[in-house]
2 protein chains.
Amino acid sequence: MSHSTVSTSSPPATSDTIAHALSLAIHEHKIAPGTKLGEDELAEIYGVSRTVVRAALQTLSHIKLVDIRRNRGASVASPTITEAHEVFEARELLEPRTARSAALHATAADIALLERHISDEHQALADADPGRALYLSGLFHTEIARIAQQATIAGFIETLIARSSLIIALYWRRESALCEKHAHHELVHALAAGQAQQAEELMRSHLVDLHSALDLRERNSRTLSLRDALAR
Amino acid sequence: MSHSTVSTSSPPATSDTIAHALSLAIHEHKIAPGTKLGEDELAEIYGVSRTVVRAALQTLSHIKLVDIRRNRGASVASPTITEAHEVFEARELLEPRTARSAALHATAADIALLERHISDEHQALADADPGRALYLSGLFHTEIARIAQQATIAGFIETLIARSSLIIALYWRRESALCEKHAHHELVHALAAGQAQQAEELMRSHLVDLHSALDLRERNSRTLSLRDALAR
DNA sequence: GGACGCAAAAATGTATACAATCCTGAATTC
DNA sequence: GAATTCAGGATTGTATACATTTTTGCGTCC
């Protein structure tokens with residue numbers, strides 16, 4: 001009896017359950033980019049057959065959290081430097097406009113929710129759980145997209161944020177501390193006040209800050225992909 | 001022997017093959033929105049097991065070409081009016097910027113390819129194959145996204161164009177004839193000349209034209225969803 | 001000692017069998 | 001006659017068995 005299933009006597013896991021659980025673990029940096037995700041292993045962990053696991057992995061591969069290569073199985077994706085730039089450029093194109101729209105649609109309940117996310121994030125940092133803080137930070141962005149009432153664009157942003165989590169795992173430079181300390185707060189204020197232009201600008205500069213806090217020099221690429229290669 | 005497999009003695013279809021074939025048929029309006037896609041039926045048509053068919057359907061559901069509801073199977077998606085607006089608003093946000101970028105990256109080979117797409121599209125219209133013309137028209141847009149060398153955004157645009165095909169099937173009004181007669185040509189000229197600003201503007205107005213050629217009044221929604229309901 | 005090759009083992013791809021759910025339609029009831 | 005109930009069939013969900021491919025590790029050869 002090596003491993004038991006993750007939770008005892010819970011409703012049997014569906015592929016959505018598993019995809020969600022894996023997604024969370026990846027967001028929180030509990031599973032590193034490049035990690036092999038064996039089907040049998042996951043099937044045993046969640047107490048289901050490989051059929052269900054494969055469906056979950058396919059879902060995750062579609063949002064590029066997981067890389068599936070034929071006959072070679074699934075592993076957590078490791079975005080290249082080029083992809084990292086692309087993801088942040090896409091965010092810089094989509095999110096400011098979305099923040100503008102959110103400023104026009106935000107209700108009091110929306111603002112309250114965003115503020116709770118921020119305080120949860122601070123709590124996670126206080127608990128020395130940076131992975132969870134990062135996840136909540138991403139949730140803040142997806143929440144804004146939802147408030148903007150553009151489900152289609154919100155879906156895109158969701159996948160971009162998921163990939164951003166991988167990018168941060170690979171390329172974040174420690175030196176650049178929490179430059180975003182107040183960015184989310186200021187954004188909420190602009191949204192609450194309905195200041196569309198202000199919200200758009202704040203979001204743009206916030207994303208530029210994030211982008212520039214990454215070490216995306218070519219030199220580093222080789223180092224990191226080498227580490228990946230050794231990691232397995 | 002009722003149905004035989006689609007092509008005799010071809011390499012066995014993979015889920016990608018099937019997803020591509022179905023996607024093409026939907027793009028070309030050979031399968032109408034709302035059509036039920038039974039697993040056994042498709043499995044027999046393509047000469048594979050349901051396992052492979054299910055993977056293909058899942059792929060298509062990720063890009064919202066197909067709607068899968070638990071225990072209820074898959075059918076071709078029928079976007080609502082709200083979704084239709086969202087899709088075109090997203091395109092209006094993404095594609096003009098992409099066209100700008102394409103103008104800066106386009107090579108002679110790229111331009112030649114685009115021009116061939118246009119002439120193919122005209123040929124299809126001459127052959128009285130409007131479905132294929134529509135498909136090629138969409139391909140023109142995805143090709144521009146590819147030229148822009150932003151794979152991430154190109155992926156988003158690809159799904160938006162796929163959904164646009166469904167939207168056109170549901171909401172296109174015949175009265176508004178080919179207003180876009182020269183739009184693609186002008187766009188290619190701007191791209192070939194490297195006129196970024198011009199390309200961006202042309203793409204924007206082209207998309208606005210398309211958007212306004214749809215009948216997205218609420219009244220029509222009920223009519224069409226009723227037809228859907230009766231269609232099965 | 002290192003490179004090559006091959007067989008065994010492990011993992012993924014696909015098909016099939018079985019279980020659970022939904023849909024259909026005829027019989028029943030009011 | 002209309003609504004309801006409840007089999008029976010049809011369809012989807014999941015597990016398992018088998019086929020194919022990749023990986024691994026040992027042995028051989030140079």
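Both backbone and side-chain heavy atoms feed into the values below; hydrogens, waters and symmetry mates do not. Computed from a predicted structure; not experimentally measured. All chains are named by letter (A, B, ...) in the order of the sequence lines, taking the proteins before the strands, and each is independently numbered beginning at 1.
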Can you confirm if the NZ or CZ of A:R91 lies within 45° of the ring axis of A:F88 and under 6.0 Å from the centre of its six-membered ring? yes
Between [X] ([atom1]) and [N] ([atom2]), how many Å, whole number?
X	N	atom1	atom2	result
B:E44	C:dA15	CD	C1'	16 Å
A:L42	C:dT12	CG	P	9 Å
A:Y46	D:dT14	OH	C1'	18 Å
A:E41	C:dA10	CD	P	14 Å
A:I68	C:dA11	CD1	P	17 Å
B:R72	D:dT12	CZ	P	12 Å
A:E39	D:dA17	CD	P	17 Å
A:Q58	C:dT14	CD	C1'	14 Å

Below 4.0 angstrom from OP1 or OP2 of [N], is there any side-chain N or O of [X]?
X	N	answer
A:R50	D:dC18	no
A:K36	C:dT12	yes
A:S49	D:dA15	yes

Rounded to the nearest 0.5 Å, the NE2 atom of A:H105 sits from the CG atom of A:L191 at a distance of 12.5 Å
Considering only heavy side-chain atoms of A:R70, the closest of C:dT14, C:dT12, D:dG13 is C:dT14
Considering only heavy side-chain atoms of B:N71, the closest of C:dG13, D:dG13, C:dA15 is D:dG13
Hey, mind stepping through A:H184 and A:H206 against side-chain contact (heavy atoms from CB on, under 4.5 Å) and telling me if it holds? CA-CA 8 Å; A:H184 284 187; A:H206 174 41; 3.1 Å; yes
Per nearest nucleotide of DNA chain D, the residue lying toward the 5' end, B:R54 or A:R69, is B:R54
Just by modelled atom types, is the A:A151 backbone N or O under 3.5 Å from a matching donor or acceptor in the B:E86 side chain? yes
Determine whether a donor-acceptor pair (N or O, by modelled atom type, separation under 3.5 Å) exists between the side chain of B:S164 and the backbone of B:L160. yes
